[in-house]
Amino acid sequence: METTMTFEYAPAPESRAIVTIKPKYGHFIGGKFVAGGKHFPTINPATEEVLSQIALAGKADVDAAVKAARKAYTNTWSKMSGKERGKYLYRIARIMQERAREFAVLETLDNGKPIRESRDTDIPLAAAHFFYHAGWADKLEYAGLGTSPKPLGVAGQIIPWNFPLLMLAWKVAPALAAGNTVVLKPAESTPLTALLFAEVCQQAELPAGVVNIVTGDGSTGALIVNHQGIDKIAFTGSTEVGKIIARAVAPTNKSVTLELGGKAANIVFDDAPIDETVEGIVNGIFFNQGHVCCAGSRLLLQENVAEEVLHKLKNRMEKIRVGDPMDKNTDVGAINSKEQLAKIIELAAVGDSEGAERWSPACNLPSKGFWFAPTIFTGVTQAHRIAREEIFGPVLSVLTFRTPAEAIEKANNTPFGLSAGIWSEKGSRTLWASQQLRAGVIWANTFNKFDPTSPFGGYKESGWGREGGRHGLAAYLKGVSHE
Ligand code: NAI
Ligand code: MG
């Protein structure tokens, strides 16, 4: 007789019938879709199915987009009252909610993330960013950013593939609320929800040229960064590209915000509520396949509870469901690209060769597509590359500490400083630790909580400036400090 009981889940697939994917897309410039020249495929990373052919913008396309954005800025958007701008933002937010299921399915197909996350996190938060900033559009003079704050002009925005629509919302909503117009480039592996957003702009009757979307790869991104007709660059992505952008804009008048990598410490003190902590550790590193800049990728356990936490964590990881992202019961979906999978495999192998101990639960990974089982490494030291470099995948490095001071020292021993987590029942300890940690966002007894009202951004190599909240507005207005 079986001694343990397991529940078999029946498949619960989301239908893709709600989305219509065109075989080929152009760019969205001056309120219209215009044909591209060269194209490249975007695929579903869970199946390797080609979803569509995406246009690769070259110089002429980027020029046309910047020109359209400038014209819309000068003739329409900068002249419009904040109240009128706000109406458009509210309209966009409502349409995003109405079409939420369509956005969620499309995001999951193009990105590989579980439908549960695109449906419950990405899309609702993206709409929330538009609602929040719609509210600011006619109240900018009360934001504490000067009595008559002025927009910067045309913003060039380059976003990554881990939260495609959400990163678009983080960039477009504050820019428009503050009176700027934009040229946005989605990541090459996840352009489809940005192209659907272009349709939403048409549906909302947003004046032509206020939002322009050009698709392409790093070469298109570089054309935007170096374009003389652009007043501000907003970038989210790798620290490596962030440094290239910082160098490119240094001799210019462009404003810049950079949201880069992280290697967040998630610190568990011995008085932490262990069961809740285990949930938080799982959410911290396995949410979105670990493709999260603020992921809790370095677990710091106080030595006297390390064994108990690891035991419970492994039990919990046995229950993580990895597989078809379109299944509503899936917890961990596909790795976004072949290149990202290769990077995760390489860094995990370095973990093995440097002497850390690897553990993964048994899981049946699909034969097609890009997959990596949830993994933890124990016996990690600060010198190990897997303790220092961003893996950007479902891989957790576990270190231990004896005293609170040692925890802080280890947590801050990193070139990054985007986020951190603290698990403790003592408020005084939490407040003390949060003041010592050199990180932009610090969560206490929770992890990966996002809210449009809260500024987000990093210290050190994690970036410049803040996005979200009142601080995020400053990054789209003239003459206000970004920090
Ligand atoms: P990436 O930084 O190359 O790509 C991000 C965006 O920048 C994409 O839209 C890309 O087309 C664009 N881009 C690339 N080169 C550019 C250039 N020279 N000038 C202007 N734009 C450029 O990131 P990638 O290669 O996809 O991922 C590599 C690593 O970066 C990941 O393994 C992860 O560690 C980190 N990353 C961090 C993210 C974050 O949210 N902070 C997001 C994506 C990646
Ligand atoms: Mg794709």
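Keep in mind it's a predicted model, so treat the numbers as computed, not measured. Basis for what follows: all heavy atoms, side chains included, without hydrogens, waters or symmetry-related copies. Ligands are counted one by one from 1 in listed order, and the atoms in each one are counted from 1 as well.
- Neither the backbone nor the side chain of Glu240 comes within contact range of ligand 1; no heavy atom lies under 4.0 Å.
- Contacts with ligand 1 closer than 4.0 Å are made by no heavy atom of His291, backbone or side chain.
- Geometry at the Mg ion (ligand 2): OG1/Thr42 and OD1/Asp110 form an angle of 60°, nearest 10 degrees.
- Side chains of Ser52 and Thr42: no donor on one and acceptor on the other come within 3.5 Å.
- Contact annotation for Glu339 and ligand 1: no heavy atom of the residue comes within less than 4.0 Å of the ligand.
- Put simply, CD1 on Ile213 and CD on Glu199 are 10.5 Å apart, with the number rounded to the nearest 0.5 Å.
- Trp161 NE1, 3.8 Å is the protein heavy atom nearest to atom 24 (P) of ligand 1.
- Ring geometry, Phe456 versus Phe450: the interplanar angle falls from 30° to 60°, so the pair is classed tilted.
- For atom 22 (C) of ligand 1, the nearest non-hydrogen atom from the set Val241, Asn162, Ile159, Thr220 belongs to Val241.
- Residue Glu357 qualifies as open at atom CD: its count of foreign heavy atoms under 6.0 Å is 12 or below.
- Taking the charged nitrogens against the carboxylate oxygens, Arg70 and Asp231 do have a contact shorter than 4.0 Å, which makes a salt bridge.
- A donor-acceptor contact under 3.5 angstrom links the side chains of Asn266 and Trp423, judged on distance only.
- Of all the atoms in ligand 1, the ones that sit under 4.0 Å from a non-hydrogen atom of Gln340 are 31 (C), 32 (O).
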For Asn212 and His27, what are the C-alpha separation, side-chain angles and deciding distance, and is it a side chain to side chain donor-acceptor pair (under 3.5 Å)? CA-CA 8 Å; Asn212 303 276; His27 309 291; over 6 Å; no
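- Applying the salt bridge (charged side-chain N to carboxylate O under 4.0 Å, His left out) test to pairs two or more places apart or on separate chains, those with a residue in residues 40-54 are Arg16-Glu49.
- In this structure, Phe33 and Phe28 have tilted ring planes: the angle between them lies in the 30° to 60° band.
- Of all protein heavy atoms, the one closest to atom 12 (C) of ligand 1 is Ile158 CG2, 3.7 Å.
- The nearest heavy-atom contact from the protein to atom 38 (C) of ligand 1 is Phe392 CZ, 3.4 Å.
- Any N or O atom pair closer than 3.5 Å counts here, and Gly221 shares no such pair with ligand 1.
- For atom 35 (C) of ligand 1, the closest non-hydrogen atom on the protein side is Glu390 OE1, 3.6 Å.
- In this structure, the protein non-hydrogen atom closest to atom 14 (C) of ligand 1 is Gly218 CA, 3.5 Å.
- Nearest protein heavy-atom contact of atom 19 (N) of ligand 1 is Ala222 N, 3.5 Å.
- Close contacts of ligand 1 with Pro160, meaning ligand atoms under 4.0 Å from a residue heavy atom, involve 42 (C), 43 (C).
- The nearest heavy-atom contact from the protein to atom 7 (O) of ligand 1 is Phe235 CE1, 3.2 Å.
- With a 4.0 Å cut-off on non-hydrogen atoms, Leu260 touches ligand 1 through its backbone and not its side chain.
- For atom 28 (C) of ligand 1, the choice among Gly216, Ser238, Gly262 with the nearest heavy atom turns out to be Ser238.
- In this structure, CZ on Arg101 lies 4.5 Å from CD on Glu14, to the nearest 0.5 angstrom.
- Atom 32 (O) of ligand 1 has Lys343 NZ, 2.6 Å as its closest protein atom, hydrogens excluded (heavy atom only).
- For the Mg ion (ligand 2), the set of nearby N, O or S atoms under 2.8 Å includes none belonging to Gly112.
- Ile345 contributes atom CD1, which lies 12.5 Å from atom CD1 of Ile391 (distance to the nearest 0.5 angstrom).
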For the pair Leu109 and Met326, evaluate side chain to side chain contact (heavy atoms under 4.5 Å, CB included) and give the outcome as yes or no after the intermediate values. CA-CA 8 Å; Leu109 290 172; Met326 288 287 275; 4.1 Å; yes
Would you list the atom pairs, donor with acceptor, under 3.5 Å between side chains in residues 165-177 and any protein atom, with sequence neighbours excluded?
residue : atom : partner : partner atom : Å
Trp170  : NE1  : His129  : NE2          : 3.0
Lys171  : NZ   : Thr236  : OG1          : 2.7
Lys171  : NZ   : Glu467  : OE1          : 3.3
Lys171  : NZ   : Glu467  : OE2          : 2.7

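- Within 4.0 Å of atom 4 (O) of ligand 1, not a single protein heavy atom is present.
- For the Mg ion (ligand 2), the N/O/S atoms of Asn44 include none lying under 2.8 Å.
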